[in-house]
2 protein chains.
Amino acid sequence: MTSRDTYHHGDLRRAVLAAALDVIRTEGPAALSLRDLARRAGVSHAAPAHHFRDRTGLLTAIATEGHDLLTAALSDATDLRDAGVRYVRFAVAHPAHFQVMFQPDLLRADDPELEAAKARSYERLRAEVAGLPGDRAADPEVTGTAAWSVAHGFATLLLTHNLDRSLGGRAPEDAFRAVADAVFGNGGGE
Amino acid sequence: MTSRDTYHHGDLRRAVLAAALDVIRTEGPAALSLRDLARRAGVSHAAPAHHFRDRTGLLTAIATEGHDLLTAALSDATDLRDAGVRYVRFAVAHPAHFQVMFQPDLLRADDPELEAAKARSYERLRAEVAGLPGDRAADPEVTGTAAWSVAHGFATLLLTHNLDRSLGGRAPEDAFRAVADAVFGNGGGE
DNA sequence: GAGGCAATCTTGTCGATGTCTAGATGGGGC
DNA sequence: GCCCCATCTAGACATCGACAAGATTGCCTC
């Protein structure tokens, strides 16, 4: 119902992406249907395919956008703990992106744009670890994997409703801060 | 091709489950097709539905089985770090179960058997945290969430091929041990 | 401002899938 | 020996992803 007075939609790509994110957030990626997205945008059933090639292409585009959003979200981090908080915040703010990003079987793994975006976000994470004080940077590989694991595990368990009881009404960010302190010590990343 | 000489398959439920796990492990849950599983078992296309009701039912059964396998895997843990190692080992040994267990949108959330199996594995995790020495058990809720986050994050990143470079040929278990030590200190869980 | 090109969208179609229904088969308990 | 019910078959229907061919239109060029 956006603008059907013209033959061309105007910005079908953006409209389909937005609708897709909405479906994925509320019903999961499995419920995603190209024909349904077309109906929501008020275009014919084959229109979305022109912008995303196929279902996998749409999901790959979402994953790519997700990696870029994550890179941006991490760019202003003050230290590693803050980066973790921002990682969790990203997952909460963009649950659909997050879900799709870490489900490789839904994506075209060899897509050049996805690979590039992935490399950028990965590099961003490495940069955070590299900025650590000496004693913590002893084995950056292990420290990086540990930090990523904590943040990613927390975010995943959060989105899959496995922490609902543990949170007890607290904001996810605050709960994660407590977890991060327990893990790296209170002054860990400073 | 198992035994089509009789009208009854013999153990279709088990055959379908095994085939499903195989498909999920190699191609992901999205590639799962009831009709394909029926073909593999040499039965008609509607036969699997009698055992699992529908696609969601099949995945719910797999998730339930997964939680029971996880509970069993954790039952012999010596301490919290060992529980983490066993958690990762479980994810590597049963990747299909693990994937499905933590994708709620694929499951019938209110299934009684699933709920019960989930409660059992969750209780198992709580028990591990409760067995900690005094100083670590200060805030069991936070400690439990932290431990679960580390193990779950590591396992998830591992299965999604995000640690392939970091591993550098090492066994996942060993890499996780290093991560656990970095996180909780070398004698953390002892 | 007229013509043409390319991007965008439509329409029609095909094979495959999930699910429902009705009916066939046969093993096990009475 | 008979009957009941779990198990499996066969058929049908709506929906979906994907493909092909054609219609529409914005825009660029002259």
Side-chain angles (χ1 to χ4, degrees), chain A residues 1-20 22-24 26-63 100 103 105-109 111 113, chain B residues 1-20 22-24 26-63 100 103 105-109 111 113:
Chain A
M1 301 281 176
T2 46
S3 67
R4 66 189 182 290
D5 51 342
T6 62
Y7 189 90
H8 284 50
H9 177 279
D11 201 348
L12 181 58
R13 183 184 165 91
R14 184 184 303 270
V16 168
L17 271 177
D22 202 53
V23 172
I24 295 171
T26 56
E27 307 174 55
L32 200 69
S33 149
L34 288 181
R35 290 175 109 104
D36 178 48
L37 298 178
R39 277 190 293 269
R40 294 183 186 224
V43 296
S44 88
H45 66 260
H50 188 271
H51 292 275
F52 301 102
R53 181 182 174 87
D54 53 22
R55 221 184 87 106
T56 303
L58 170 58
L59 290 165
T60 302
I62 290 176
V100 172
Q103 238 164 300
D105 55 292
L106 300 179
L107 310 176
R108 209 180 315 276
D111 182 273
E113 300 188 29
Chain B
M1 303 279 176
T2 46
S3 67
R4 68 188 180 290
D5 50 343
T6 63
Y7 189 90
H8 284 51
H9 178 277
D11 202 347
L12 181 58
R13 183 185 165 91
R14 184 184 304 271
V16 168
L17 272 176
D22 202 54
V23 171
I24 295 172
T26 56
E27 306 173 56
L32 199 69
S33 150
L34 287 182
R35 290 176 109 103
D36 178 48
L37 299 178
R39 276 191 293 270
R40 295 184 185 222
V43 296
S44 89
H45 65 264
H50 188 271
H51 291 274
F52 301 101
R53 180 182 173 88
D54 53 21
R55 222 185 87 106
T56 304
L58 169 58
L59 291 165
T60 302
I62 291 176
V100 172
Q103 241 165 298
D105 55 292
L106 299 179
L107 310 176
R108 207 178 318 274
D111 182 272
E113 300 190 29

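Just so you know, these numbers use all the heavy atoms, side chains as well, and skip hydrogens, waters and symmetry mates. The model shown is predicted, which means the values in this text are computed figures rather than measured ones. Convention: sequence-line order gives letters A, B, ...; per-chain numbering from 1.
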(Q) Testing the basics here: between B/Asp105 and A/Gly28, what is the closest heavy-atom pair and its distance to 0.1 Å? (A) OD2-CA, 3.7 Å

Q | d(CZ, A/Arg39; C1', D/dA14) in whole Å | A | 11 Å

Q) How is B/Leu37 classified with respect to the nucleic acid when contacts are heavy atoms under 4.0 Å: base, sugar-phosphate, or nothing? A) nothing

Q. Can you tell me how far P of D/dT7 sits from CZ of B/Arg13, to the nearest Å?
A. 10 Å

Q.
Working note: A/Leu12 + A/His51, criterion side-chain contact (heavy atoms from CB on, under 4.5 Å); need CA distance, chi angles, decisive distance, verdict.
A. CA-CA 8 Å; A/Leu12 181 58; A/His51 292 275; 3.8 Å; yes

Q: Starting from C1' on D/dC19, measure out to NE2 on A/His50 and report it in whole angstrom.
A: 14 Å

Q. Quick one: A/Arg53 CZ to C/dA7 P, roughly how many Å, whole number?
A. 16 Å

Q) For B/Val43 and A/Thr56, take the nucleotide of DNA chain D holding the closest heavy atom to each; which residue's nucleotide lies nearer the 5' end? A) B/Val43

Q: Rounded off to whole Å, could you give me the CG-to-C1' distance for the A/Leu106 and D/dG17 pair?
A: 15 Å

**Q.** Short side-chain N/O contact from B/Ser33 to OP1 or OP2 of C/dA16, under 4.0 Å
**A.** no

Q: Verify the neighbour count for atom CD of B/Gln103: are there more than 12 heavy atoms of other residues, nucleotides or ligands below 6.0 Å?
A: yes

Q: Rounding to 10 degrees, work out the angle separating the end axes of the helix from C/dG1-D/dC30 to C/dC30-D/dG1 (five pairs an end).
A: 10°

Q: Please report, rounded to the nearest Å, how far the P atom of D/dA20 is from the CG atom of A/Asp54.
A: 13 Å

Q | Pairwise distance CG(B/Leu107) to OG1(B/Thr56) - rounded to 0.5 angstrom | A | 8.0 Å

Donor-acceptor pairs are to be reported for all side-chain atoms of residues 30-38 of chain B against protein atoms at under 3.5 Å, with residues two or more places apart or in another chain.
from	atom 1	to	atom 2	distance (Å)
B/Ser33	OG	B/Arg35	N	3.3
B/Ser33	OG	B/Asp36	N	3.1
B/Asp36	OD2	B/Arg40	NE	3.2

Q: Could you tell me the separation between the CZ atom of A/Arg108 and the C1' atom of D/dA18, rounded to a whole number of Å?
A: 12 Å

Q. Choosing from D/dC8, C/dC9, C/dT17, which nucleotide comes nearest the side chain of B/His51?
A. D/dC8

Q | Any donor-acceptor N/O pair, B/Thr60 side chain to B/Arg108 backbone, under 3.5 Å | A | yes

Considering only nitrogen or oxygen atoms on both sides, find all protein atoms under 3.5 Å from nucleotides 11-14 of chain C and state each distance.
from	atom 1	to	atom 2	distance (Å)
C/dG12	O6	A/His45	NE2	2.8

Q.
Quick one, A/Val16 and A/Arg14 - any side-chain contact, counting heavy atoms below 4.5 Å?
A. no

Q: Using whole Å, report how far CG of A/Asp36 lies from C1' of D/dT15.
A: 11 Å

Q: Start with the C-alpha gap between B/Leu59 and B/Ile24, add the side-chain angles, then the distance that decides, and say whether side-chain contact (heavy atoms from CB on, under 4.5 Å) holds.
A: CA-CA 10 Å; B/Leu59 291 165; B/Ile24 295 172; 4.0 Å; yes

Q | Closest contact, heavy atoms only, A/Leu17 versus A/Phe52 | A | CG-CZ, 3.7 Å

